[in-house]
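Shown next, in structure tokens, is the structure this report addresses.
Below, chains carry the letters A, B, ... as their sequence lines are ordered, and counting in each starts from 1.
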Amino acid sequence: MAGTQDSFEASRAEKLQRIEALGLDPWGTRFDGHQPIGAVRTLRIDATPPERVRVAGRIVLRRGMGKVAFLDLWDWTGRIQVMIGQKQVGEQGWNLAQQLDLGDLLGVDGTFGKTRTGELTIFAEGLHFLGKSLNPHPDKWGGMQDIEFRLRHRYLDLIYNPEVLDRARKRILIIRTIRRFLDDQGFCEVETPTLHAIAGGAAARPFITHHNALDIDLFLRIALELHLKRLLVGGIERVYEIGRVFRNEGISPKHNPEFTMMELYQAYGDYRSMMDLTEGLIVACVDALGAGRRLPFGDTEIDYSPPWERARYADLFHKHVGVSMDDTEGIVRICEARGFPSANKHPDVLIHHLFEECVEDKLLGPVFVYDYPASLCPLTKRQHLNPNVAERFELYIQGMELANAYTELNDPVTQEATFRMQLAGLPEEDSMAKMDDDFVQALRYGMPPAGGLGVGIDRLVMLLTNTSTIRDVILFPLLRPEK
RNA sequence: GGGAUCGUAGCUCAACGGCAGAGUGCUCGGCUUUUAACCGAUGAGAUGGCGGUUCAAAUCCGCCCGAUCCUACCA
């Protein structure tokens, strides 16, 4: 039955037995002192005597030649050819070499040089078996075409699709850069609860879970905001958290039910200080990638060179919708014309609907859109002279909301009022008006005036790595379980 | 939720109403300098599921399951 899935596995299991019979542990042992393959490749090839090297990696290609065999060994820094000669590795080594499969893990001692065709090669003198692959690895020609298979086997995707590993490393670099940037500015990183009694800080449907001992339902957090602001009350003047939030909503190229947010709060700042900070932070990430400040995205290019455009919400609205935000009649007319029923809806709900429909996808940016209709922003400070305007901005790049920032509302009386106000026309789960007494109490002890910022890390990574779908910047995106 | 496309060997694909095929991988044989090595051989499939049309279905039709893309929802 050679050829069936079972026979692949049977054949590999049999090889595992034979490796054991050679007196070796088929699952490997400690293996000290190996060098990254990428570093080996930079050694001098003409050194006398030749450089001695020790590497460890996965067998990704194999060419047998009778009494000699060539392997391509891969680790996460690179790939290199290994030549195994019958004479050179001795009887034990040669017996082991006969049992090697694609996907097995192998340590090699040898000398570094090149073959007569010029290929950089480790000429093996000792082999160390480091782990068996019982399942066959992806086909060397066809590879992994099925996207679902790749997502369900991300570990293989990382090995066989170099851009996947590259993107994962860029994500790590971006997050590390954010931490360094903020730490350098005196911000403290904290961890706040993910289990919330009230799912506040944003408008989204939460995941519900249950705590048995207290016999209460709890929600997975949908934002970091309210705990971080409590820490402002507590005197942690510059505070941030990079953490997972959970929203029980649809899955799309821009949405995963759990995603990573960075939120920060700076006492005695405001939304304009946040604009400067945001620009500096993201430019630092762009610079960390080392590919210049103009980065490709899809079939265009984004120029991150500061300063970035700043545009007032009302001005953009007028420009793209064609009527003023004060022109309620005109707004109702346009909504109805576009098939969006306007009856019993707060004017600001209509305004924001039109903004999303007509303006957002024009915002190629980077552009800071600032001064939002106050009723949409229950956690934001109103302008002192015009309480209908909230001191809020969103950063748009390529029509995506990348960051959201406020001058934080620190007046407990107004906060309690906005929590209580349910905007007409908004379903309850779409409203941020969720009364949180405990939070209001915290404000009553005095929260310093502050600027706050939230950044969607996954979307930032998408933009900076030219990735069109969020599940390619999340190593393990949510998938329907296999039946 | 709506629309489009797709599901054939472990993998990548072909066959488009007439005997289900190739490459690769697997297994066996040959080769001490190969480069997705090469040469030779052996295996490997009820074509996602159920039903229908037909002398004949992978192919046409219906339903189901699953996936992908677009769209909607997600302030």
P gap between B/rC13 and B/rG48, integer Å: 15 Å
Taking the six-membered ring for Trp, are A/His137 and A/Tyr160 ring centroids under 6.0 Å apart? yes
Whether A/Arg392 engages the ring of A/Tyr372 as a cation-pi pair (distance to the six-membered ring centre under 6.0 angstrom, angle to the ring normal within 45°) should be assessed. yes
Considering only the P atoms, how many Å lie between B/rC63 and B/rG25, rounded to the nearest integer? 42 Å
I'd like to know if A/Ser11 reaches the base of B/rU27 with its side chain such that a donor and an acceptor end up less than 3.5 angstrom apart. no
Roughly how far apart are A/Trp74 CH2 and A/Ile59 CD1, rounded to 0.5 Å? 13.5 Å
Under-4.0 Å salt bridge between A/Glu408 and A/Lys381: no
A/Phe8 CZ to B/rC28 C1', straight-line distance once rounded to whole Å: 15 Å
Do NZ/NE/NH1/NH2 and the carboxylate oxygens of A/Asp46 and A/Lys114 come within less than 4.0 Å? no
Grab the NE2-P distance between A/His153 and B/rC11 for me, whole Å please. 10 Å
Knowing that exactly one of A/Arg63, A/Arg58, A/Arg62, A/Lys140 qualifies, which makes a salt bridge (Lys or Arg N to Asp or Glu O under 4.0 Å) with A/Asp72? A/Arg63
When we call it a touch if two heavy atoms are under 4.0 Å apart, what does A/Lys114 touch: a base, just sugar-phosphate, or nothing? nothing
Determine, using ring centers only, whether A/Phe355 and A/Tyr313 are less than 6.0 Å apart. yes
Considering only heavy atoms, which members of residues 82-109 of chain A lie under 4.0 Å from some atom of RNA chain B? A/Met83, A/Lys87, A/Gln88
Test for a donor-acceptor pair under 3.5 Å between the base of B/rG10 and the side chain of A/Asp139, counting only N and O atoms. yes
Quick one: look up who B/rG40 pairs with, Watson-Crick or G-U, both distances under 3.5 Å, and put none if it's unpaired. B/rC28
Using the C1' atom in both, what is the distance from B/rG43 to B/rC6, to the nearest Å? 30 Å
Comparing nearest nucleotides in RNA chain B, the 5'-proximal residue of the pair A/His353, A/Arg62 is A/Arg62
Scan A/Gly64 against the nucleic acid and name what it touches under 4.0 Å (heavy atoms): base, sugar-phosphate only, or nothing. base
Tell me which nucleotide, if any, is Watson-Crick or G-U wobble paired with B/rG62 when both distances must be under 3.5 Å. B/rC50
A/Gln145 side chain, from C-beta outward: closest of B/rU27, B/rC13, B/rG25: B/rC13
Using a heavy-atom cut-off of under 4.0 Å over every strand shown, decide if A/Arg150 touches base, sugar-phosphate, or nothing. nothing
Is it true that A/Glu14 and A/Arg18 have a side-chain N and a carboxylate O under 4.0 angstrom from each other? yes
Parallel, tilted or perpendicular: rings of A/His153 and A/Tyr155 (30°, 60°): perpendicular
Enumerate the protein-to-nucleotides 68-71 of chain B contacts in which both atoms are nitrogen or oxygen and the separation is below 3.5 Å.
| residue | atom | partner | partner atom | Å |
| --- | --- | --- | --- | --- |
| B/rC69 | OP1 | A/Arg471 | NH2 | 2.6 |

Complement of B/rC11, any strand, by Watson-Crick or G-U distances under 3.5 angstrom: B/rG23
B/rC55 - base-pair partner by Watson-Crick or wobble geometry, distances under 3.5 Å: B/rG18
Could you check how far NZ of A/Lys140 sits from C1' of B/rC13, rounded to whole Å? 17 Å
Roughly how far apart, to the nearest Å, are B/rA14 and B/rG7 at atom P? 8 Å
In this structure, how many angstroms lie between the P atom of B/rC11 and the CD1 atom of A/Ile159, rounded? 18 Å
Of residues 66-79 of chain A, the positions that come close to RNA chain B - non-hydrogen atoms, cut-off under 4.0 Å: A/Gly66, A/Lys67, A/Val68, A/Phe70
Mate of B/rA67 where both pairing distances stay under 3.5 Å, Watson-Crick or G-U: B/rU5
A/Phe149 CZ to B/rG10 P, straight-line distance once rounded to whole Å: 13 Å
If I pick the P atom on B/rC38 and the same atom on B/rG49, what distance separates them, to the nearest angstrom? 35 Å
Indicate syn or anti for B/rA46, taking the glycosidic torsion and treating anything within 90° of 0 as syn. syn
Whole-Å distance between B/rU34 C1' and A/Ile80 CD1? 15 Å
Please report the distance, rounded to the nearest Å, between CZ in A/Phe123 and P in B/rU34. 12 Å
Is a salt bridge present between A/Glu416 and A/Arg420, judged by a nitrogen-to-oxygen distance below 4.0 Å? yes
Donor-acceptor pair present, A/Arg63 side chain and B/rU34 base, under 3.5 Å: yes
Considering only atom P, compute the distance from B/rA15 to B/rU59 and round it to an integer number of Å. 14 Å
With a 4.0 Å cut-off on N to O distance, would you call A/Arg154 and A/Asp472 a salt bridge? yes
Which value, in whole Å, describes the distance between the P atoms of nucleotides B/rG18 and B/rC61? 15 Å
Considering heavy-atom distances to RNA chain B, does A/Thr121 or A/Met144 have its closest nucleotide positioned more toward the 5' end? A/Met144
Would you confirm whether the ring centroid of A/Phe393 sits within less than 6.0 angstrom of the ring centroid of A/Phe368? yes
Once you round it to whole Å, what is the distance between P of B/rA37 and CD1 of A/Ile59? 14 Å
Could you tell me whether A/Asp270 and A/Arg272 have a side-chain N and a carboxylate O separated by less than 4.0 Å? no
Rounded P spacing from B/rU42 to B/rC28 in Å: 16 Å
cation_pi(A/Arg221, A/Phe207) dist<6.0 Å, angle<=45: no
Between A/His320 and A/Cys358 the two heavy atoms that sit nearest each other are CB-O, 3.8 Å
Ignoring hydrogens and angles, are the base of B/rU34 and the side chain of A/Glu119 linked by a donor-acceptor pair under 3.5 Å? no
